[in-house]
Amino acid sequence: MAKGPRRLVLGFLLLPLLCAAILRPNIAPLRLWKLQLSHWSNNLILIGRSGSANTEDVEFTRFLLRRLVRGKARRELSQNGISCISDPESDLCVTTDAVRISTATSSSPATVYLTAGQQLPPGFNSFVLRPYPRKTDSFAMQRTAPVHLVAAHSNSPPCDLTHPFPAILFSIGGFAGNFFHDVNDVLIPLFLTAGHLRSRAQLLVADFEPWWTQKYRRVLFHLSSAADLAVASSPSTPVEPKVHCFPAAVVGLKYHGNLLCNSSDAPGGVSTLNFRRFLHSALGLKKDRAAGAERPVLVLISRRTSRALLNEDGVVALAREVGFEVEVAAPTRMTSVGDFAGVVNGCGVLMGVHGAGLTNMVFLPAGAVVVQVVPWGLDWAAAAYYARPARRMGLRYIEYHTAVEESTLYDKYPKDHPVLVDPWSINRQGYNVSRPIYTDGQNLTLDLARFRETLLQALEMLPRPTRLC
């Protein structure tokens, strides 16, 4: 072999040894960096179970809190230690510095004392907000207790309890208790506000009701590794006067829209699908995707007061004739969130007349079908509250628009009345006018011959059963 090729081969053999010798001094720092990264990641899960936090943990939590605001608001947060933003339906204040929060008493509201030098906007020594995302609805705000934020002064009360995590102060007043509003006004906004903190949050509840927090306990504690909830105020349960101290706080909740997590809005990168996965994980729902079945299960949300199906028995018989196994869910069946979530998660089709019960679609597996029966005059609400959210959740969606003759309104009004011939003219007058008519004032008798086509379409949308050879 010639000398040139020999030297070339020798060079290739020695190159790895030479690189190792050169890079050896940098191996230790590289290992240290990997260990720090591992420590950082582990702390996202473990911090707080020991009840303490180091400087690194505090700084990372502040970084996560800053994701809740953008642009001018984020600069304000960095400069003043606090930023308050006003969205169309919600107000939100974020502080990355220490606060003391006194619980409400009969003579004073829950109060957030800014004790680390945070500066409110010029001219403000205090600020009042109601931490429930329906601020344009006067009735909801009447049922939401105010929270006061007060700039630091010499009379800040001493701490009774010190928490290692930031406070997330939110209300379960407003319309909470209605399942749509429980999910839309509280659980989704709470997920948007606290979900990215990776359980490093202390939930502080205003307008506390023990039955509500017990109903959603599994979901709430999937957002917080704290031992228990803290209570800021309650309309029905005596609250012991306490001063809770926190390293940081969020007062109010982020709100993106009807059953919506907008991935392009703060905190960023959070979609409606992310919320659905979070909820399934919190409730231990196992079925991720709808499976084919010879007779798929259809869960019918049964209504008893308004917008009830007067020929429900005929609808059930028709669905069975078409090829479904049918389970009728009366309102009493839906009182246990965990139990009913399991029922819905195991079905292929969720069907119901427009109303809060359809919110149970959040428990459906991907690829399942939502069938919404749209009463006369409620097309806009059907699209806004359930049609668009269903598609964002990775679900199939179909709707049945009732003819005016299928509504009991047809026999209540003259045949040329605007209620029957021009529903939009009624809706334009506002919810206070339209609600007694279209939302609360009608029941339905479906045309079974016409509705059969909707059921067949729903059946066709489902995955085909797997056939073994």
Side-chain angles (χ1 to χ4, degrees), residues 47-53 58 61 65 81-82 84 91-118 120 125-132 143-174 176 186 190 193-194 197 199-217 220-221 223-253:
I47 176 63
R49 295 195 173 107
S50 62
S52 62
V58 170
T61 301
L65 288 171
I82 186 170
C84 294
D91 292 325
L92 177 83
C93 288
V94 181
T95 176
T96 52
D97 294 318
V99 297
R100 299 178 187 182
I101 303 179
S102 62
T103 57
T105 66
S106 58
S107 59
S108 62
T111 303
V112 180
Y113 295 92
L114 307 173
T115 56
Q118 300 97 317
L120 289 170
N125 290 321
S126 64
F127 184 80
V128 180
L129 62 78
R130 297 176 189 267
Y132 184 89
R143 300 184 67 237
T144 304
V147 174
H148 287 217
L149 285 82
V150 179
H153 56 77
S154 58
N155 295 324
S156 295
C159 301
D160 293 315
L161 295 169
T162 300
H163 303 269
F165 304 133
I168 307 294
L169 200 169
F170 66 100
S171 169
I172 55 173
V186 183
L190 191 57
T193 307
L197 297 178
S199 299
R200 302 155 66 100
Q202 172 66 60
L203 304 184
L204 180 58
V205 187
D207 303 299
F208 172 82
E209 292 287 3
W211 64 266
W212 194 98
T213 54
Q214 184 61 35
K215 181 175 183 177
Y216 296 105
R217 187 175 183 84
L220 297 175
F221 281 98
L223 286 167
S224 172
S225 59
D228 209 343
L229 303 174
V231 179
S233 65
S234 174
S236 62
T237 304
V239 179
E240 185 179 359
K242 292 282 186 184
V243 176
H244 298 263
C245 293
F246 301 93
V250 180
V251 183
L253 298 175

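In this chain, residues are counted from 1 in sequence order.
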Min side-chain heavy-atom separation [X]-[Y] under 4.5 Å:
X: W212; Y: V186; result: yes
X: L169; Y: V250; result: no
X: V94; Y: I82; result: no
X: L229; Y: F221; result: yes

### Task
Decide side-chain contact (heavy atoms from CB on, under 4.5 Å) for F208 and T213; before the verdict, give the C-alpha distance in whole Å, the side-chain angles of both, and the deciding distance to 0.1 Å.
CA-CA 8 Å; F208 172 82; T213 54; 3.4 Å; yes
Report the C-alpha distance between L190 and L223 in whole Å, list the side-chain angles of each, state the deciding distance to 0.1 Å, and finish with yes or no for side-chain contact (heavy atoms from CB on, under 4.5 Å).
-> CA-CA 8 Å; L190 191 57; L223 286 167; 3.7 Å; yes
Is a donor on one side and an acceptor on the other found under 3.5 Å between the side chain of [X] and the backbone of [Y]?
X: S171; Y: P131; result: no
X: Q202; Y: D228; result: yes
X: S126; Y: A151; result: no
X: T111; Y: P109; result: yes
X: S225; Y: S199; result: yes
X: D207; Y: S234; result: no
X: T144; Y: G173; result: no
X: D160; Y: V243; result: yes

Report task. Please work out whether the ring planes of F246 and H244 are parallel, tilted or perpendicular, with thresholds of 30° and 60°. Result -> parallel
Smallest separation among heavy atoms of [X] and [Y], with atom names:
X: A110; Y: A104; result: N-CB, 3.5 Å
X: I168; Y: A201; result: CG1-CB, 3.8 Å
X: L114; Y: V99; result: CD2-CG1, 3.9 Å
X: V112; Y: V147; result: CG2-CG1, 3.9 Å
X: P247; Y: P164; result: CG-O, 3.5 Å
X: C245; Y: R100; result: SG-CG, 3.4 Å

Sequence neighbours excluded, the answer for side-chain hydrogen bond (donor to acceptor under 3.5 Å, both in side chains) partners of S236 is E209
Residues passing the side-chain contact (heavy atoms from CB on, under 4.5 Å) test with D91, sequence neighbours excluded, are S86, L129, K135
Across all chains, not counting sequence neighbours, the side-chain contact (heavy atoms from CB on, under 4.5 Å) partners of T61 are L65, P166, R200
- Criterion side-chain contact (heavy atoms from CB on, under 4.5 Å) on C93 and F127, from CA distance to verdict: CA-CA 10 Å; C93 288; F127 184 80; 3.8 Å; yes
Value for CD1 (I101) from NE2 (H163), rounded to nearest 0.5 Å, stands at 8.5 Å
Between the CZ atom in F165 and the CG atom in L204, the distance rounded to the nearest 0.5 Å is 14.5 Å
In T96, D97, T95, the residue satisfying side chain to side chain donor-acceptor pair (under 3.5 Å) with Q118 is T95
